[in-house]
Amino acid sequence: MTGPRRGPAGGGAKVRWHRECKVPARPRLPGTPGRSDGGVSMRILSSQVAEHVGETVCVAGWLHRVRALKSVTFAVVRDRAGLVQVVAADAELVKRLGELPEETVVEVEGTATANPQAPGGVEITSPVLRELSDPALTPPFDIYRPVVTAALPTVLDNAAVTLRHPRLRAPFEISAASVSGFRGALEGLGFTEIHTPKVVSSATESGANVFKLDWFGRNAYLAQSPQFYKQTMVGVFERVFEVGPVFRAEPHDTARHLAQYTSLDAELGFVTDHRDVMAVVRDAVAGMVAAIAERAPAAVELLKVELPEVPAEIPSIHFADAQELLARETDEDPRGEPDLAPAHERWLCDWAVREHGSQFLFVTGYPMAKRPFYTHPDPERPEFSNSFDLLFRGLELVTGGQRLHRHSDYLAALAARGESPEPYAGYLAAFAHGMPPHGGFALGLERFVARMTGADNIRWTTLFPRDLHRLTP
RNA sequence: GGUCCUGUAGAGCAGUUUGGAGUGCUCGCCACCCUGUCAAGGUGGAGGUCGCGGGUUCAAGUCCCGUCAGGACCGCCA
């Protein structure tokens with residue numbers, strides 16, 4: 001090792017040699033000493049071994065798989081970048097490798113050797129080994145097999161180890177890329193990222209149930225959304241977004257509902273109506289899809305994710321027209337219903353693909369009766385709202401719309417619902433002090449990733465999901 | 001909250017229809033074998049409160065009742 005080298009593709013940043021390889025510092029198993037000059041090596045990643053053929057290298061990671069043959073033992077080490085094969089021939093080292101269970105953390109120093117027989121064409125030979133963890137407990141199923149044989153409850157119950165499986169980890173690589181794309185797209189549009197409280201004093205928004213908790217002896221609640229705060233911050237920054245958890249105490253026990261999930265929220269001022277918000281939704285989603293392709297290509301490849309085209313303008317259909325369409329073209333007649341059933345949403349998505357070649361579809365103008373009090377009505381048809389949902393592959397992914405912005409309209413809307421303005425005082429102050437026409441939206445991250453990866457249950461794309469039955473791990 | 005389905009070894013499943021000794025499969029685990037593996041291969045072995053409780057029966061994994069757990073659909077849902 002002669003010093004820092006260029007890293008793998010990705011901006012040309014120098015690799016940070018974050019620490020010394022400690023293999024020689026501990027009692028070593030017999031084997032060829034790593035360096036003739038007695039020095040120490042720095043850890044490199046599995047993906048970098050090929051760049052060091054002929055040199056002594058050090059890798060560290062989890063024992064992904066040990067394959068013992070009579071005269072040679074192969075140990076595959078997994079780190080954050082991937083896998084690398086280690087070849088052991090020394091009798092004592094072979095014996096020890098045979099005793100170590102998979103998932104034990106090890107550090108290996110040896111010679112990077114090109115070999116066409118090795119996976120990836122390179123492997124580490126003449127290794128010395130240091131164990132960095134106690135021998136690992138056997139996982140409930142094989143992490144090293146390409147297919148996941150366990151059912152969802154088993155995966156969730158044993159998340160600490162099962163998430164290491166490349167297929168179970170991949171959705172969270174896509175999740176991270178999605179958030180990055182969301183953030184990048186909105187920052188590019190002049191939005192400011194904010195962080196709002198998740199413990200609130202009032203449980204008054206909407207009829208949805210909230211989690212109640214004790215706050216120094218007072219009643220408090222977990223926030224169902226950053227709605228009030230993000231609107232308030234429009235009065236400060238004009239354009240804001242937030243990535244954070246929201247909590248729903250509703251007893252939904254389905255493959256698409258959670259008690260806690262990650263909401264990608266945005267709100268912007270000086271809009272004409274909800275269509276300006278929809279344009280931002282389009283750009284945000286396009287940024288997310290692009291970021292997945294750019295930042296999580298391995299996960300896309302592994303899961304065979306089909307990245308959707310995001311049209312320059314996502315097709316939209318009015319709620320009333322959607323109901324007419326359903327009544328005309330299906331066996332059901334939902335006209336007069338205040339909302340679309342999940343089956344109707346699925347049908348409309350198929351229709352959008354057929355008619356518009358788009359996997360995304362806006363449904364606009366939901367009835368005011370089903371929308372929260374801050375929803376702005378359609379000036380032409382006041383029974384309908386300036387709101388929208390974005391449907392994607394059969395599922396409601398985004399809800400948004402134009403909000404009321406005049407203080408007097410809020411007082412009237414609350415009065416119409418028989419509610420006192422008192423609990424909303426802090427929120428209403430924003431409007432009393434002058435607020436532009438504005439709107440916003442919220443996108444469910446786990447739902448987005450689930451639709452993107454084809455997961456049949458949102459829990460495959462949720463880290464440590466919280467639902468009716470599950471509070472651990 | 002409603003309807004339906006499923007609980008059998010560490011994991012994933014057969015076996016339940018027609019009651020007859022925990023009968024079996026794939027993987028893992030343990031031991032041994034194997035000259036380069038790629039989800040290695042071979043031989044042998046260990047591992048079971050058939051979710052739990054009650055009932056029917058000479059006899060229950062199997063039939064009945066209850067209960068608990070998991071799942072699906074619906075309802076509900078900013």
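Order of the sequence lines sets the chain letters (A, B, ...), proteins ahead of strands, with each chain counted from 1.
Residue-to-nucleotide proximity on RNA chain B shows that, of A/Ala223 and A/Ala255, the 5′-proximal contact is made by A/Ala255. Both A/Pro342 and A/Val87 sit near RNA chain B, but only A/Val87 has its closest nucleotide nearer the 5' end.
For the C1' atom pair drawn from B/A11 and B/G70, the interatomic distance equals 16 Å after rounding to whole Å. When the P atom is used for both B/C27 and B/A78, the distance is 50 Å, rounded to whole Å. Nucleotides B/A46 and B/G1 have their P atoms positioned 47 Å apart, rounded to a whole Å. Taking atom P in both B/G22 and B/A9, one finds a spacing of 16 Å when rounded to whole Å. Rounded to whole Å, the separation between the P atoms of B/G61 and B/G54 comes to 14 Å. Taking the P atom of each, B/U8 and B/U18 are spaced 23 Å apart, rounded to whole Å. Between B/C4 and B/G44, the two P atoms lie 48 Å apart (nearest whole Å). Of the C1' atoms belonging to B/G12 and B/G7, the separation is 14 Å, rounded to the nearest Å.
Residue A/Tyr366 places no side-chain N or O under 4.0 Å from the OP1 or OP2 atom of B/A78. The side chain of A/Asn457 contributes an N or O atom lying less than 4.0 Å from OP1 or OP2 of B/A72. Contact annotation: A/Arg145 reaches the phosphate of B/G28 (side-chain N/O to OP1 or OP2, under 4.0 Å). When the side-chain nitrogen and oxygen atoms of A/Ser71 are compared with OP1 and OP2 of B/G36, none of them lie within a distance under 4.0 Å.
If you check B/C50 for Watson-Crick or wobble pairing at under 3.5 angstrom, you find it has no partner at all. Of the nucleotides present, B/C27 is the one that pairs with B/G10 by Watson-Crick or G-U wobble criteria, both distances under 3.5 Å. As the counterpart of B/A39, no nucleotide is assigned, since no Watson-Crick or G-U wobble pattern has both distances under 3.5 Å. The partner of B/C73 is B/G2, by the rule that a Watson-Crick or G-U pair needs both atom distances under 3.5 Å. Taking a pair to require two hydrogen-bonding distances under 3.5 Å in either a Watson-Crick or a G-U wobble arrangement, B/U57 remains unpaired.
Counting atom types as modelled, A/Gln117 pairs no side-chain N or O with a base atom of B/U37 as donor and acceptor under 3.5 Å. In this model, a side-chain donor or acceptor of A/Arg248 finds a partner on the base of B/A78 within 3.5 Å. A donor and an acceptor atom sit less than 3.5 Å apart, one in the side chain of A/Ser225 and one in the base of B/A78. Contact of A/Glu123 with B/G36 (side chain to base): a donor-acceptor pair of N or O atoms is detected under 3.5 Å.
Contact annotation for A/Ala151: backbone-only contact, meaning every heavy-atom pair under 4.0 Å involves sugar-phosphate atoms and none involves a base. Within 4.0 Å of A/Pro153, counting heavy atoms only, lie sugar-phosphate atoms of the nucleic acid but no base atom. Counting any heavy atom pair closer than 4.0 Å across all strands shown, A/Tyr144 reaches sugar-phosphate atoms only and no base atom.
A/Asp467 places its CG atom 12 Å from the C1' atom of B/G71, with the value rounded to the nearest Å. As a whole-Å value, the separation of A/Asp339 CG from B/C77 C1' is 9 Å.
Scanning for side chain to side chain contact (heavy atoms under 4.5 Å, CB included) contacts around A/Val155 gives A/Phe141, A/Val148, A/Ala150, A/Thr162, A/Leu168, A/Trp460, with sequence neighbours left out.
Distances from the side chain of A/Ala341 to the nucleotides B/G36, B/G75, B/A11 place B/G75 closest. Proximity note for A/Phe74 (side chain, C-beta onward) versus B/U37, B/C76, B/A11: the nearest is B/U37. The listed nucleotides are B/U37, B/A39, B/A11; the one nearest the side chain of A/Arg67 is B/U37.
A donor-acceptor pair is defined here as one N or O able to donate and one able to accept, closer than 3.5 Å; no such pair exists between the side chain of A/Glu267 and the backbone of A/Gln227. For A/Thr104 (side chain) and A/Leu63 (main-chain N/O), no donor-acceptor pair under 3.5 Å exists by modelled atom type. No donor-acceptor pair closer than 3.5 Å links the side chain of A/Asp409 to the backbone N or O of A/Ala412.
You'll find the side chain of A/Ser387 stays beyond 4.5 Å of the side chain of A/Gln402, heavy atoms only.
The cationic atom of A/Arg451 (NZ for Lys, CZ for Arg) does not lie both less than 6.0 Å from the six-membered ring centre of A/Phe392 and within 45° of the ring axis.
A 6.0 Å sphere centred on CG of A/Leu137 holds no more than 12 heavy atoms belonging to other residues, nucleotides or ligands.
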